[in-house]
Q: 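Following this message is one structure expressed as structure tokens.
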Amino acid sequence: MNELDMVQEILELKREKRAIILAHNYQRDEVQDLADFTGDSLELSRTASTIECDVIVFCGVNFMAESAAILSPTKTVVLPEVEACCPMADMIQVEKPRKMKAAFPGYDIQPELFFPVEFTLMDLKQRYPGVPVVSYVNTTAEVKAHSDICCTSANVIKVVESLPGQEVICVPDRNLAMWAQKNTQKKIIAWDGFCHVHDRVRRQDALKAKKEHPGALLMAHPECRLEVLEVADHVTSTSGMLKFAKNSPGKEFIVGTELGLMHRLRKENPDKIFYPLRKDMICPNMKKTTLKSVYTALKELKTVVRVPEDIRVRAKSALDRMLAL
Ligand code: 13P
Ligand code: SF4
């Protein structure tokens with residue numbers, strides 16, 4: 001089947017099954033173009049919780065589809081590529097410790113700053129009893145179920161500020177936690193997890209890109225290291241970058257996030273120029289989903305994402321608290 005026929009088939013199946021396709025901003029261009037809604041993690045969670053349909057085809061990675069299943073238990077949530085995972089989300093477990101050095105050979109440990117990933121969320125909670133836990137949406141349902149509230153890159157500061165007390169635990173992204181620390185008076189206790197796509201960027205990459213494009217504004221995702229965020233003109237989520245680029249009088253931008261975002265940036269701003277901060281900012285898991293996988297997912301309704309009810313209810317409370325903000 002050629003691409004055009006495949007798209008027609010998908011549209012037909014969508015009508016037949018009362019399905020909606022949600023795609024993250026990092027998905028392949030053709031998958032984004034096909035989707036009913038494209039957005040950042042926060043927008044997609046909101047859409048999943050309010051949209052009228054029977055089936056949600058979630059083009060993203062597993063924790064995102066899981067969040068949709070948590071928020072919409074009466075809908076069938078389908079993840080087209082079951083192997084599409086987020087390595088950062090797997091860097092924290094509730095009870096079973098990870099062998100991080102084996103999983104990430106180049107792993108750069110900073111035990112003086114962060115709680116080591118070889119431990120568990122339970123260890124961290126025992127070490128800091130009573131301190132509220134904020135879990136980034138890039139976590140498993142089980143971790144969310146053991147958290148007080150969730151956050152995304154778009155609302156982490158607001159979430160931290162909303163909590164009582166002067167100490168807050170932020171898991172699993174050390175960079176997002178450091179960004180929150182820079183923007184709050186509260187003490188952040190951070191886990192040593194990271195996104196391998198954003199964490200590889202260093203300050204010298206940012207300075208080099210700024211030197212090569214002197215008129216361009218640097219937008220950076222808070223999953224980047226603080227040394228990068230400190231030299232950025234704007235730090236925000238993927239959809240925050242779309243808004244910033246649209247509303248800014250600037251004409252050129254350096255994009256400090258996964259390259260999938262370039263598609264919408266260019267499409268929505270044909271008069272502006274976008275440069276990648278690094279050409280290797282590609283998330284292999286986000287690229288696993290293709291038109292073919294969306295077609296098969298709809299046709300066979302697979303793989304359906306299910307979350308055990310006791311975990312789902314507790315994880316939903318953490319997500320609902322975030323959405324209520
Ligand atoms: P946002 O789209 O929410 O900024 O998230 C980025 C991300 O890495 C999701 O995996
Ligand atoms: Fe996870 Fe990073 Fe990929 Fe987002 S870009 S899904 S945080 S590995």
Side-chain angles (χ1 to χ4, degrees), residues 22-28 31-32 35 37-48 58-68 79 81 83-92 100 103-104 106-107 117 134-140 143-144 150-159 170-177 179-180 191-201 219-225 228-229 232 234-245 255-265 276-278 280-289 319 322-323:
L22 303 184
H24 187 265
N25 287 325
Y26 296 160
Q27 287 289 292
R28 289 170 183 269
V31 173
Q32 293 193 33
F37 295 95
T38 307
D40 66 5
S41 309
L42 184 60
E43 291 170 329
L44 294 176
S45 295
R46 280 216 188 96
T47 309
F58 210 116
C59 305
V61 290
N62 55 6
F63 75 81
M64 296 180 168
E66 218 176 51
S67 295
L79 179 68
E81 286 295 332
E83 301 276 302
C85 63
C86 169
M88 172 161 64
D90 293 332
M91 287 181 185
I92 185 161
M100 281 309 302
F104 284 85
Y107 185 55
V117 290
V134 177
S135 64
Y136 193 23
V137 284
N138 300 40
T139 45
T140 60
V143 167
K144 289 184 179 79
C150 291
C151 77
T152 72
S153 56
N155 62 16
V156 59
I157 297 160
K158 201 171 177 181
V159 167
C170 278
V171 298
D173 187 1
R174 63 187 184 198
N175 295 332
L176 187 74
W179 174 241
W191 191 257
D192 202 8
F194 59 91
C195 161
H196 67 108
V197 179
H198 291 85
D199 192 70
R200 72 180 60 149
V201 184
M219 307 187 287
H221 195 279
E223 286 176 14
C224 292
R225 290 173 182 240
V228 173
L229 304 181
H234 195 56
V235 177
T236 186
S237 73
T238 54
S239 288
M241 290 186 196
L242 287 160
K243 284 186 203 104
F244 180 73
V255 183
T257 196
E258 210 275 346
L259 298 192
L261 187 68
M262 296 296 238
H263 181 57
R264 268 187 82 187
L265 282 168
L277 172 50
R278 263 176 68 142
D280 61 353
M281 292 185 77
I282 296 172
C283 174
N285 283 291
M286 281 285 181
K287 304 303 185 219
K288 282 185 176 149
T289 308
L319 280 167
M322 170 187 83
L323 293 170

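Just follow the structure's listing: the first ligand is 1, and inside any ligand the first atom is 1. Hydrogens, waters and symmetry mates play no part in the numbers below; they use all other heavy atoms, side chains included.
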Q: Side-chain contact test, heavy atoms from C-beta onward, threshold under 4.5 Å: evaluate it for His24 versus Thr238 and give yes or no.
A: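 Contact flag for His24/Thr238 side chains = yes.
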
Q: Would you say His198 and ligand 1 have an N/O pair spaced under 3.5 Å apart?
A: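 Among all N and O atoms of His198, none is under 3.5 Å from an N or O of ligand 1.
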
Q: Taking heavy atoms and a distance under 4.0 Å, where does Asp40 meet ligand 1: side chain, backbone, both or neither?
A: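 Both backbone and side chain.
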
Q: So which bit of Met64 gets within less than 4.0 Å of ligand 1, heavy atoms only: side chain, backbone, both or neither?
A: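 Side chain only.
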
Q: Touching ligand 2 at all, Glu258? Heavy atoms, strictly under 4.0 Å?
A: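 Not so, Glu258 does not reach ligand 2.
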
Q: What is the nearest protein non-hydrogen atom to atom 3 (Fe) of ligand 2, stated with its residue, atom name and distance?
A: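 Closest protein heavy atom to atom 3 (Fe) of ligand 2: Cys283 SG, 2.4 Å.
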
Q: In terms of residue, atom name and distance, what is the protein heavy atom nearest to atom 1 (Fe) of ligand 2?
A: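 Going by distance alone, atom 1 (Fe) of ligand 2 is nearest to Cys86 SG, 2.4 Å.
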
Q: Using distance alone, decide if ligand 1 has a nitrogen or oxygen within less than 3.5 Å of any nitrogen or oxygen in His24.
A: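 So ligand 1 has an N or O lying under 3.5 Å from an N or O of His24.
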
Q: Using a 4.0 Å heavy-atom cut-off, which part of Asn138 comes near ligand 2: side chain, backbone, both, or neither?
A: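 For Asn138, the contact with ligand 2 is made by the side chain alone.
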
Q: Side chain, backbone, both or neither: which applies to Val61 and ligand 1 if a contact is any heavy-atom pair less than 4.0 Å apart?
A: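 Near ligand 1, Val61 shows nothing, with every heavy atom at 4.0 Å or more.
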
Q: Run the numbers on Ile92 and Thr140 for side-chain contact (heavy atoms from CB on, under 4.5 Å), then give the verdict.
A: CA-CA 8 Å; Ile92 185 161; Thr140 60; over 6 Å; no

Q: When you compare ligand 1 with Ser237, is there at least one nitrogen or oxygen pair between them that comes in under 3.5 angstrom?
A: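 No, no N or O pair falls under 3.5 Å.
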
Q: If I take every N, O or S atom of His196, is at least one of them less than 2.8 Å from atom 3 (Fe) of ligand 2?
A: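 It does not: His196 brings no N, O or S atom closer than 2.8 Å to atom 3 (Fe) of ligand 2.
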
Q: Check whether the side chains of Ser41 and Tyr136 place a donor and an acceptor atom closer than 3.5 Å, and report yes or no.
A: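 Side-chain D/A pair, Ser41 to Tyr136: absent.
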
Q: Would you say Asn138 contacts ligand 1, with heavy atoms under 4.0 Å as the rule?
A: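 Flag set, Asn138 near ligand 1.
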
Q: For ligand 1, does Ser153 get within less than 4.0 Å through its side chain, its backbone, both, or neither, judged by non-hydrogen atoms?
A: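 Side chain only.
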
Q: Could you identify the single nearest non-hydrogen protein atom to atom 8 (S) of ligand 2 and state the distance to 0.1 Å?
A: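 The closest heavy atom on the protein side is Pro87 CD, 3.7 Å.
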
Q: Supply the atom-to-atom distance Glu223 CD to Trp179 CH2, rounded to the nearest 0.5 angstrom.
A: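 The distance works out to 14.0 Å.
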
Q: Looking at atom 2 (Fe) of ligand 2, is there an N, O or S atom belonging to Cys195 that lies under 2.8 Å away from it?
A: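 It does; at least one qualifying atom falls short of 2.8 Å.
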
Q: Please identify which atoms of ligand 1 are closer than 4.0 Å to at least one heavy atom of Glu223.
A: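 By the 4.0 Å cutoff, the relevant atoms are 6 (C), 7 (C), 8 (O).
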
Q: Ignoring angles and geometry beyond distance, decide whether Thr152 reaches within less than 3.5 Å of ligand 1 through its nitrogen or oxygen atoms.
A: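 There is no such contact.
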
